[in-house]
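So the structure is just underneath, and the comments pick up after that.
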Protein chains: 2
Amino acid sequence: MHDVAAAARVSVATVSRVLNGNEKVDPERQRRVLSAIEELGYRRDGVARNLRRGSTKVWGLVISDIENPFFTSLVRGVQDQADEEGYSIILLNSDEDLDKEGRCLALMVEERVAGAILSPVSETKSVMDLLISTGTPTVMVDRRIRGLAVDTVIVDNVLGAYDGTMHLLGAGHRRVACISGPAESTTGSNRVTGYLRALEKTALAAEPELIRTTDFKRGGGYRATLDLFRQDPRPDALIVMNNLMTEGALHALRELGLRVPRDVALVGFDDLSWATLVEPQLTTIAQPVRELGRAAAELLGRRCRGDSFGFPAEVMLAPSLQIRESSVSKQPFSGDSAADSRSPRTR
Amino acid sequence: MHDVAAAARVSVATVSRVLNGNEKVDPERQRRVLSAIEELGYRRDGVARNLRRGSTKVWGLVISDIENPFFTSLVRGVQDQADEEGYSIILLNSDEDLDKEGRCLALMVEERVAGAILSPVSETKSVMDLLISTGTPTVMVDRRIRGLAVDTVIVDNVLGAYDGTMHLLGAGHRRVACISGPAESTTGSNRVTGYLRALEKTALAAEPELIRTTDFKRGGGYRATLDLFRQDPRPDALIVMNNLMTEGALHALRELGLRVPRDVALVGFDDLSWATLVEPQLTTIAQPVRELGRAAAELLGRRCRGDSFGFPAEVMLAPSLQIRESSVSKQPFSGDSAADSRSPRTR
DNA sequence: TTGAAAGCGCTAACAC
DNA sequence: GTGTTAGCGCTTTCAA
């Protein structure tokens, strides 16, 4: 920078001003600076800049599993919006582990990220203290931490599960089983709540032997399904509360020799890229995942600019039931369910 | 840090030494420093540290589409290894666009990343110049840039495509169509090469009307498939050179009313999480994607430590053909292909 | 083994 | 509008 200033016969301050472009600079000098920069191949040192300004243009994004398509789309949404606002994303992996999550947060604080977006591992344990005490702008996404006043973007999980369950009940199924995630997670518990509300609405009693909570992973869905369907009488329908567990459930059902939807009607939470490629096409509760990420980043951008509402915002997006074939019995109980069975092609 | 030093009745230099832990410090003083840090809730400023040390503990990872499961697994592999070596990952999105890629590189240089891993948009255009001129350790992954002496980790695409094609030819198919990606990309062109080699080996002439190159995306695969199978005579087999295009191809085949494998035998490059959930189960050429990422990060780690080989390393990993049902005709031409049709369950 | 002090490259007062 | 200059918080000589 010193060299650039010398070459352009100006001071370093002028070079800085040209680089930042906010203050007025004589056009002629500006030209000289620009060409000196070009000539010398000068690149500003962002680290020094960050130190001096006391802030970075980086956001930390903490998720538990980049290989889960849900988080993948979330990352994409966050990144798109971050791009627009001039931030980069440092991607941290909590692996669904509290300790690791803690280390991620510590790292973010050390690196002085301008803000953080996280999908907390646990609903209760407040690892947030660190972020709060350092005043790091933060947005929770997908899950929330109970009783914490912080910006949050989530999907209406209760509604989604309710809709999916009602859809199965409406088709005449009476033994609707449910596989959800850990009760400690917002998503896990809220989806069960939605399921229970639907039963209630239909004046059906909740039967504990129809409900399983496991780990939101393929293996968990697989084992829970085996477990559920080895009972007698067995369920006549199943709602699985996330994408990976749905994959596991499909494997299990096939292994058990049960046909969908003839033997079991199926609804899965989270849309799947291949939902319309399988036979039968899968009925899913689609979440607006990318928008979830976008919204979180937008909120964070606002906080970072300081033009936020004083109080924490909570954005709740609505999921949408994609009715396809897996949930539609060949012999519908009610006459009008045929209208539902048209498969809305998603391409 | 000043405060910590004061509280511990030592100098800032000693605090620094304790923090870094390489130099010898009197145990008693060390204890005082540690408890002062605890007491004051002090956290070292990583930005200042980076400035002073002239290097960061961050690697930049540039990929074109985080929503493609291939890149997702790649990211995971990189991240796992980076974690182990004490680096964080800043994830940049090139969107398959040269301009955007250029901006990503510029950003990395500005932010003084310790190293870069990238999957270059174009095989020829050397946007690498910037990284080279700044001396940023770099590893290419998945694709390479022709004639550039830089560490590279790729999969043996020629071999993968060759194996897949041979498998189809071995089952007796004689009109094997091929859909690949852009000829300018290493992956696109090498996979066509593998396909051609297999034809050659079988003493079959390459027929241009059986080959399509498109964009490695769902829509491209879909359109190319429609295009290929509306010909007369139509192909009796199809090899699709990536995951997304395979999805598109499946949609197209269904739309055309063609059954797999009865009417068309199918092999897809890239394994798919749901390959064993569809009917028929899909034969795929699986890439060791996570290992690809891990290997790249390992190479980069070595470069950053300076304990690298002087010359650029090229690591080539082998893909593996996963023979399932989609490639196996109901009436096999050769007697022994039945042995191949056992589905190797991947879970 | 420790402390004093220089300075990494930049931005933002401040004085002109 | 422009230049001078004081740090941002840390690490690392260097001398003790």
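Throughout, a chain's letter reflects where its sequence line sits, starting with A, and its residues are numbered from 1. The model shown is predicted, which means the values in this text are computed figures rather than measured ones.
Residues A/Asp95 and B/Arg76 are paired through a salt bridge, judged by an N-O separation under 4.0 Å between the basic side chain and the carboxylate. We find that A/Arg146 and A/Glu123 are joined by a salt bridge, their nearest charged nitrogen and carboxylate oxygen being less than 4.0 Å apart. With respect to the salt-bridge test (charged N to carboxylate O, under 4.0 angstrom), the residues B/Asp151 and B/Arg302 do not qualify. Salt-bridge check for B/Arg143 with B/Glu96: passed, with a basic side-chain N closer than 4.0 Å to an acidic carboxylate O. A salt bridge links A/Arg294 to A/Glu84: one of the charged nitrogens lies within less than 4.0 Å of a carboxylate oxygen. Taking 4.0 Å as the cut-off between side-chain N and carboxylate O, B/Arg290 and B/Asp80 count as a salt-bridged pair. Salt bridge annotation for B/Glu85-B/Arg305: present, with a cationic side-chain nitrogen under 4.0 angstrom from a carboxylate oxygen. Remark: B/Arg144 engages B/Glu314 in a salt bridge, criterion side-chain N to carboxylate O under 4.0 Å.
Comparing A/Asn22 and B/Thr14 along DNA chain C, the residue whose closest nucleotide (by nearest heavy atom) sits nearer the 5' end is B/Thr14.
Helix-axis bend for the helix from C/dT1-D/dA16 to C/dC16-D/dG1: the local axis fitted to the five terminal pairs at one end deviates from that at the other end by 30°, rounded to 10°.
A donor-acceptor distance shorter than 3.5 angstrom exists from the side chain of A/Asn157 to the backbone of A/Val155, with no hydrogens or angles considered.
Residues A/Cys104 and A/Asn93 come closest through the heavy atom pair SG-O, 3.6 Å.
Straight-line distance from the CD atom of B/Glu111 to the P atom of C/dC10: 12 Å, rounded to whole Å. Atoms NZ (B/Lys57) and P (D/dC10) sit 18 Å apart, rounded to a whole Å. Put simply, CE on B/Met1 is 14 Å from P on D/dC8, counting in whole angstrom units. Atom CG of B/Asp26 is separated from atom C1' of C/dG3 by 14 Å (rounded to the nearest Å). Look at CG on A/Leu19: it is 8 Å from P on C/dC10, rounded to the nearest Å. In this structure, the CD atom of A/Glu110 is 13 Å from the C1' atom of D/dG9, given to the nearest Å. Protein atom CZ of B/Arg32 is 13 Å distant from nucleotide atom C1' of C/dT1, rounded to whole Å. Distance CG (A/Asp3) to P (C/dC10): 10 Å, rounded to an integer number of Å.
One finds a side-chain N or O of A/Ser16 lying less than 4.0 angstrom from the OP1 or OP2 phosphate oxygen of C/dT11. Contact annotation: A/Ser11 does not reach the phosphate of D/dT4 (side-chain N/O to OP1 or OP2, under 4.0 Å). Regarding contacts with the backbone of D/dG9, every side-chain N or O of A/Arg53 stays at 4.0 angstrom or more from both OP1 and OP2.
In this structure, B/Ile37 CD1 and B/Leu19 CG are separated by 5.0 Å, a value rounded to the nearest 0.5 Å.
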At a cut-off of 3.5 Å, list every protein nitrogen or oxygen paired with a nitrogen or oxygen from nucleotides 13-16 of chain C, distance to 0.1 Å.
none

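Residue-environment remark: CD (A/Glu28) exceeds the threshold of 12 foreign heavy atoms within 6.0 Å.
Contacts between residues 38-52 of chain B and DNA chain C, counted as heavy-atom distances below 4.0 Å, involve B/Leu51, B/Arg52.
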